[in-house]
Amino acid sequence: MSKSITLHEFILLNQQDFLFATGELTSLLNDIVLSAKIISRDVRRAGLTDHVLGAQGMVNVQGEAQQKLDLLADQTLIRAFESSGVVCGIASEENDSFVAFQTETSKHGKYVVLFDPLDGSSNIDVNVSIGTIFSIYSRRSPLGTVATMDDMLQPGTEQVAAGYVLYGSSTMLVYTTGNGVNGFTLDPSIGEFCLSHPNMRMPENGRLYAMNEGNINECEMGLVAYIKYCQSRENETGMPYSGRYIGSLVADFHRSLIKGGIYVYPAVPAAPEGRLRLLYECNPLAFIAEQSGGLATTGRERIMEIQPTTLHQRVPYYIGSKSMVEKAMSFLT
Ligand code: AFP
């Protein structure tokens, strides 16, 4: 049997991909790997200990009930980034504002990290897949100073790296640094992520569509027509597509990455800008989608080209197989 490559080895082997590499991004990715192992351990124990399952009793800036595991994951990541020495600040879906680290070492950190510590948290208590999503940017403010809002509000095209950890039937970490997408599965017996999905390519087309169809009567006519097309024999397969919706974007996206498919979260009256957050969810997955051959748009414009104006900005989201996203967009006026 050939020896599997661990994520740690893979990151080191690919360090030369980064122009003027100093090892700092490598070290940051390794911090994320360690946090992923800690969060995965906590997720796997959900239900066994009191401090993991259930609501924390607080509501986040988006008005959503925070789960205990949301906060545990958030704190795990913030601690890792604060002590990394290469990150000057972070922004997280769970916090009202961004955090600028205050130590001298942090002020010299080159990077900012934006993340959703636990995406799909309403699925925690029902034992359905959830995930962590992250996005890394080079800071814009001068080295030696504290991070600023300007560091956080960068378009997705500026991402240096992005990825997600999926706590599913196994724990997987998928990431890109702009040179394709690779996936690693956590082998619990050795506590290491091993390269299991090298050079991931999203199928150009698919026959699975995902959206919260409870909202269908609230959607714009073009989207209603596209969903009818998915359900008809009019599409190129001559058979209705299958509907699949987990309600954890990261898990729905992962399925599209492997099998092909489209995920849509449109603007609806209850969420006039859409529900998903540009900085924590949409941009990182858009980077992975594009790097694997897929597409991510608002239905009208490329997600990664949007200039963010606020930290918790939301956007309509169409992501998945290139042909399917293009087809969906052709229905919108
Ligand atoms: P939470 O992380 O707050 O549970 O949000 C999950 C999410 O952002 C995304 O992962 C889901 O696809 C989407 O919301 C689910 O929204 P609906 O419940 O409206 O379908």
Side-chain angles (χ1 to χ4, degrees), residues 39 42-43 46 52-74 76-77 91-96 114-135 162-168 172 174 208-220 223 227 243-257 261-286 288-289 296 298-299 303 311-320 325 328:
I39 298 168
D42 289 344
V43 168
V52 171
L53 270 195
Q56 178 74 28
M58 288 191 284
V59 167
N60 70 11
V61 65
Q62 344 263 340
E64 299 154 347
Q66 286 180 313
Q67 304 296 307
K68 291 176 188 166
L69 208 47
D70 272 332
L71 294 178
L72 268 179
D74 196 43
T76 302
L77 288 160
S92 148
E93 190 192 302
E94 295 305 328
N95 299 301
D96 301 3
L114 285 74
F115 56 90
D116 180 353
L118 266 193
D119 173 62
S121 46
S122 58
N123 277 327
I124 295 172
D125 287 355
V126 290
N127 215 342
V128 172
S129 299
I130 48 182
T132 298
I133 312 177
F134 62 90
S135 199
Y164 62 84
V165 187
L166 177 63
Y167 313 104
M172 263 195 87
V174 174
L208 300 173
Y209 73 96
M211 82 164 268
N212 179 346
E213 281 188 82
N215 289 330
I216 195 71
N217 294 330
E218 314 261 298
C219 296
E220 62 180 303
L223 177 57
I227 297 297
R244 295 279 186 278
Y245 189 67
I246 297 169
S248 292
L249 168 66
V250 63
D252 281 307
F253 173 77
H254 187 71
R255 186 188 55 242
S256 297
L257 178 56
I262 184 171
Y263 172 100
V264 179
Y265 209 111
V268 286
E273 309 299 330
R275 173 177 169 141
L276 303 178
R277 297 77 172 175
L278 174 61
L279 294 176
Y280 316 115
E281 295 169 308
C282 301
N283 269 334
L285 297 187
I288 292 177
T298 61
I303 287 291
L311 272 184
H312 298 290
Q313 185 170 344
R314 298 170 191 258
V315 286
Y317 205 39
Y318 289 67
I319 188 168
V325 174

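Counting starts at 1 for both ligands and their atoms, in listed order.
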Peer 1: Side chain, backbone, both or neither: which part of Asp119 has a heavy atom under 4.0 Å from ligand 1?
Peer 2: both
Peer 1: Looking at Tyr245, which atoms of ligand 1 are within less than 4.0 Å of one of its heavy atoms?
Peer 2: 12 (O), 13 (C), 15 (C), 16 (O), 17 (P), 20 (O)
Peer 1: Could you tell me whether some N/O pair between Gly120 and ligand 1 is separated by less than 3.5 angstrom?
Peer 2: yes
Peer 1: Side chains of Met211 and Ile216: does their closest heavy-atom pair fall under 4.5 Å?
Peer 2: yes
Peer 1: Just jot down the ligand 1 atoms closer than 4.0 angstrom to any heavy atom of Asn212, in number order.
Peer 2: 17 (P), 19 (O), 20 (O)
Peer 1: At a non-hydrogen distance cut-off of under 4.0 Å, which region of Asn123 contacts ligand 1 (side chain, backbone, both, or neither)?
Peer 2: neither
Peer 1: Indicate yes or no: at least one non-hydrogen side-chain atom of Tyr263 is less than 4.5 angstrom from one of Tyr245.
Peer 2: yes
Peer 1: Under 3.5 Å, N or O to N or O, is Asp116 touching ligand 1 that way?
Peer 2: no
Peer 1: Check whether any side-chain heavy atom of Leu77 sits under 4.5 Å from a side-chain heavy atom of Ile39, and report yes or no.
Peer 2: yes
Peer 1: Mark up the atoms of ligand 1 that fall under 4.0 Å of a heavy atom belonging to Ser122, in ascending order.
Peer 2: 4 (O)
Peer 1: Could you list which atoms of ligand 1 come closer than 4.0 Å to a heavy atom of Leu118?
Peer 2: 2 (O)
Peer 1: Would the distance check show the side chain of Arg314 and the main-chain N or O of Arg275 forming a donor-acceptor pair, the cut-off being under 3.5 Å?
Peer 2: yes
Peer 1: Just by distance, do the side chain of His254 and the backbone of Val165 share a donor-acceptor pair under 3.5 Å?
Peer 2: no
Peer 1: Determine whether more than 12 heavy atoms belonging to other residues, nucleotides or ligands lie under 6.0 Å from atom CD of Glu273.
Peer 2: no
Peer 1: Would one find an N or O of Leu249, backbone or side chain, under 3.5 Å from an N or O of ligand 1?
Peer 2: yes
Peer 1: Below a 4.0 angstrom heavy-atom separation, can you tell me which part of Ser248, side chain or backbone, both or neither, approaches ligand 1?
Peer 2: backbone
Peer 1: May I ask you to test the Cys219-Val268 pair for a side-chain heavy-atom distance under 4.5 Å?
Peer 2: yes
Peer 1: With a 3.5 Å distance limit and no angle check, can you tell me whether Asp74 reaches the backbone of Glu94 through a side-chain donor-acceptor pair?
Peer 2: no
Peer 1: Could you check which of Arg275, Glu213, Glu94 puts a non-hydrogen atom nearest to atom 3 (O) of ligand 1?
Peer 2: Arg275
Peer 1: Using a 3.5 Å cut-off on N or O atoms only, is Arg277 in polar contact with ligand 1?
Peer 2: yes
Peer 1: Could an N or O of ligand 1 be found under 3.5 Å from any N or O of Asn215, whether backbone or side chain?
Peer 2: no
Peer 1: Give a yes or no on this: more than 12 heavy atoms of other residues, nucleotides or ligands lie within 6.0 Å of atom CG of Asn127.
Peer 2: no
